[in-house]
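The first residue of the sequence shown is numbered 1, and numbering continues consecutively from there. Read the numbers this way: they start at 1 and go in the same order the structure lists the ligands and their atoms. Given the structure is predicted, the values throughout are model-derived calculations rather than measurements.
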Amino acid sequence: MVYALPDLPYDYNALDPHISARTLEFHHDKHHAAYVTKCNEMTQDTPMADMAIAEIIKSAYGDSAKAGLFNNAAQAWNHTFYWNSMKPGGGGLPSGALAAKINTDFGNYDNFKAAFKEAGATQFGSGWAWLVLDNGTLKVTKTPNAENPLVHGQTPLLTMDVWEHAYYLDFQNKRPDYIDTFLSSLVNWDFAAQQLSAT
Ligand code: MN3
């Protein structure tokens, strides 16, 4: 397998002033690119070379001999999912079937929002906050480091990177402000709705 680094789905300055071009240049061109390069180096000339990246992630998870591969493969996948979880002019409320499902499973949008903010703010150190479909029910989860919902049999719908490199240049240590901005101005509900309708 050669997993290609995908281009950002928007221009580097498209999320300005919420997330700067400088953050996206470092985050995509340095951090994401390095995970992709290392993942490809580690699978080259092995039986995993022909596996899809989601299969590599699930197969390497929990295998201490493959911890490095897991971290790089999962981070390669997580970042692609994260770029798509945001869009220029994003934020606000979901609509259609996703909005109805959020109301059913969380009671209302504000309950979802509170759960997502808490997950992002309380993930100690590096990690991710997620909206997932778990056995037919929407849930908010958080994962440490590179871990992602695929290894727990859940379907990810949306993610937010809460590693410091995602927000430090724009928000410094104020992770809660980044989370508020993600929900108010960046979240791509169309992408999450597509993930839900594909299940
Ligand atoms: Mn990151």
*Walk me through it: do D29 and Y12 pass the test side-chain contact (heavy atoms from CB on, under 4.5 Å)?*
CA-CA 10 Å; D29 298 2; Y12 287 94; 2.7 Å; yes
*Out of the N/O/S atoms in D161, what is the name of the one closest to the Mn ion (ligand 1)?*
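Looking only at N, O and S atoms of D161, the one nearest the Mn ion (ligand 1) is named OD2.
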*Carboxylate-amine/guanidinium contact K174 D177, below 4.0 Å*: no
*Going only through I, L, V, M, F, W and Y residues with side-chain contacts under 4.5 Å, is there a path from F171 to F26?*
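They do not share one cluster, since no chain of ILVMFWY contacts under 4.5 Å joins F171 to F26.
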*The single option from Y35, W163, Y3 passing ring pair (Phe, Tyr, Trp, His ring centres under 6.0 Å) against H79*: Y35
*Round to 10° and report the angle made at the Mn ion (ligand 1) by NE2 of H79 and NE2 of H27.*
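H79 NE2 and H27 NE2 form an angle of 90° at the Mn ion (ligand 1).
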*N, O or S from H165 under 2.8 Å to the Mn ion (ligand 1)*: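 It does; at least one qualifying atom falls short of 2.8 Å.
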*Is the distance between the Mn ion (ligand 1) and the nearest N/O/S atom of H32 smaller than 2.8 Å?*
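Not a single backbone or side-chain N, O or S atom of H32 is under 2.8 Å from the Mn ion (ligand 1).
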